[in-house]
Amino acid sequence: MMMTNPFDSYKGKIPVKILEEVKESLPKASLKKISDALQTVYKEYQEAKIAPGEAVGIIAAESIGEPGTQMTLNTFHFAGVSELNVTVGLPRIIEILDGRRDIKTPMMEIYLKKPWSQGKDIKKVALQIKETTLKEVISEILINIAEFSIELKLNKAYLKDVGVQQGTVVKILEKSFKGYSVKLKEDSIIMKSRSKQESLNELYKIKEKIKDTYFKGVKGVSQVLPVKRSNEFVIITAGTNLKEVFKLDFVDEARTVSNDIYEIAEVLGIEAARQAIINEVNKVIDAQGLNVDKRHIMLVADTMCSSGSIKGITRYGVVREKSSVLARASFETPIKHIIGASVTGEVDELNSVIENVMLNQPVPIGTGLPGLVTKVK
Amino acid sequence: MVKKSKINHILVPEHKKLSDKAKKDLLDKYNITLNELPRIHLSDRAISHLEPKVDDVIMIIRKSPTAGESIFYRRVVNE
């Protein structure tokens, strides 16, 4: 053993974290002692590794499944805001591991840059993120039957809150309603049709349309809630749209996350999605006060992301890649599968568990490591 | 294709492209073929700044709660 730096020679053999722990606990030891200690650590580490051939998938399934039986089945309200629900407990776990595209309660946690993170204009910032329609800007809509015109009274206090001029509202209206002339008159906007033929019915329809016209904010975000977390403000939203939020200059895009795994995969890549799956599952498990070893969740997340896109642990996702006819037939519509397989001349290699159970044979489980070393008959 | 900047985000670990030699060493070390590596899409946002080609190998240095740091490899594939 070289006497230069014993830590260097074990780099790559022992995980970084363990190396650091050894370093910390032996601050004054001689090189020789450290070298001996590392040798022992290395040996222990090798023995602590899971045995080759162990059925890690089944262990992971049991380890997550058993605590799953003790989870709650509810959707909870978030901090008193009734519109902002959060799916927690078992439904959320199922949602994540199934790889569902439409999750029940999409949310974002938006971190802010300084000085906004310290609470500067927090209300204004939150309102900028929330998707608002003209309904919120307009305090009153009057229909003038004699002149066939619509008068919109503006909510000045609200406009001031979001920092928008009246002229902007006029522009939005002009853009969305091309056939109408839009005029600003003191505190109200008057809209009139350019064509002569206008029915009252039409006016009422337009009135409803005006209410739902997109005005401002990030599309898809229906609720915003600024909360204080340790020493900074974070905005929690209902509805997600990471792409648009990242464009806002007051958002700290390095820490802002969504709970929509597919959205993360699209915006930040598959590795980020893997980490998001782990974080989301851990969040649920921690919130329920349960304890599951992180390695199980990491294994599941790795499996879900190994193809480059997210595959749920369902028969449409991960299981689909197993090509056994008998396995597919054992689940649903067996005759359809068997007929399909015989028509196309499919061969069943009997590689996985279920088809061997059917045939009363030992099941092949494990990492498949012996197959790498020698030919398994 | 426009060269995109690297993403700076807590969820995104560091991605690196392996050189041809490093790629061959990796395959030799584990006695595997490219087919057996996990995959990453060519269009994946996290590698767009590396200008990847199909069949490149991307090395990913993950932060791991159990090991501190763990290294993972993915092969670039078309969707």
Side-chain angles (χ1 to χ4, degrees), chain A residues 11-12 14-21 23 45 48-49 109 111 242-243 246 251-259 261 263-280 282 293-299 301-311 368-369 372-373, chain B residues 4-17 22 25-79:
Chain A
K11 232 177 209 172
I14 302 175
V16 185
K17 201 177 172 188
I18 298 178
L19 275 182
E20 269 164 20
E21 266 172 42
K23 213 178 217 169
Y45 175 65
K49 274 184 172 175
E109 273 175 30
Y111 284 83
L242 276 182
K243 233 181 207 163
F246 282 174
V251 170
D252 184 354
E253 62 260 48
R255 290 185 295 159
T256 297
V257 290
S258 161
N259 71 348
I261 315 272
E263 188 177 29
I264 288 178
E266 193 186 303
V267 180
L268 298 168
I270 190 72
E271 276 294 318
R274 184 197 92 106
Q275 193 58 52
I277 291 172
I278 296 172
N279 292 353
E280 289 293 323
N282 272 333
D293 197 295
K294 289 199 170 65
R295 292 167 187 87
H296 298 308
I297 298 156
M298 279 155 69
L299 177 76
D302 267 341
T303 310
M304 287 174 71
C305 296
S306 73
S307 72
S309 53
I310 298 162
K311 292 256 155 43
L369 188 114
L372 293 176
V373 183
Chain B
K4 284 184 176 164
S5 61
K6 198 171 156 186
I7 317 179
N8 170 25
H9 194 278
I10 41 162
L11 290 179
V12 183
E14 195 181 349
H15 290 63
K16 276 184 188 164
K17 193 159 80 176
D25 287 349
L26 171 77
L27 297 183
D28 285 349
K29 184 182 168 193
Y30 292 106
N31 191 20
I32 49 171
T33 58
L34 266 183
N35 249 331
E36 282 147 330
L37 281 177
R39 280 157 264 170
I40 188 166
H41 289 164
L42 189 59
S43 57
D44 198 278
R45 180 61 185 88
I47 56 168
S48 55
H49 65 287
L50 297 171
E51 298 177 339
K53 295 184 298 294
V54 169
D55 280 354
D56 276 343
V57 172
I58 306 290
M59 178 167 114
I60 295 149
I61 303 159
R62 290 172 176 168
K63 292 219 163 45
S64 151
T66 51
E69 197 174 79
S70 78
I71 292 171
F72 200 73
Y73 300 93
R74 284 179 188 272
R75 172 174 73 118
V76 179
V77 289
N78 256 325
E79 257 152 88

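Just so we're on the same page: letters track the sequence lines, and every chain starts at 1. Note that the structure is a prediction, hence the values are computed from the model and not measured.
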Between Lys243(A) and Glu266(A), is there a side-chain N and carboxylate O pair less than 4.0 Å apart? yes

Quick one: of Asp252(A), Asp302(A), Leu19(A), who has the most non-hydrogen atom pairs under 4.5 Å with chain B? Asp302(A)

Heavy atoms of Lys17(A) and Pro65(B) approach each other most closely as NZ-O, 2.7 Å

Could you look at Tyr111(A) and say if it's the side chain, the backbone, both or neither that has a heavy atom under 4.5 Å from chain B? neither

Interchain contact, Arg75(B) with chain A, by part (heavy-atom threshold 4.5 Å): neither

Bottom line for Asp293(A): the part with an atom under 4.5 Å from chain B's heavy atoms is neither

Heavy-atom pair count under 4.5 Å with chain A, highest-scoring of Ala46(B), Ala67(B), Pro38(B): Ala67(B)

Examine whether an atom of Ile264(A) lies under 4.5 Å from a heavy atom of chain B, and if so say whether it belongs to the side chain, the backbone or both; otherwise answer neither. side chain

Check this for me: Arg255(A), atom CZ, are more than 12 non-hydrogen atoms of other residues, nucleotides or ligands nearer than 6.0 Å? yes

Return the minimal non-hydrogen interatomic distance between Gly269(A) and Asp44(B), and the atom names on each side. CA-OD1, 3.1 Å

Shorter than 4.5 Å, heavy atoms on both sides: which option in Thr66(B), Ile7(B), Ile40(B), Ile47(B) has the most such pairs with chain A? Thr66(B)

For the pair Arg45(B) and Leu268(A), evaluate side-chain contact (heavy atoms from CB on, under 4.5 Å) and give the outcome as yes or no after the intermediate values. CA-CA 6 Å; Arg45(B) 180 61 185 88; Leu268(A) 298 168; 6.0 Å; no

Please report the shortest heavy-atom distance between Ile61(B) and Met59(B), naming the atom on each side. CD1-CE, 3.9 Å

Taking all heavy atoms of Val76(B) and all of Pro52(B), pick out the closest pair and write down the distance. CG2-CB, 4.2 Å

Structural part of Thr256(A) lying under 4.5 Å from a heavy atom of chain B: backbone

Counting heavy-atom pairs under 4.5 Å with chain A, the top scorer among Arg74(B), Lys63(B), Glu69(B) is Arg74(B)

Under 4.5 Å to a heavy atom of chain B? For Asn279(A) that would be side chain

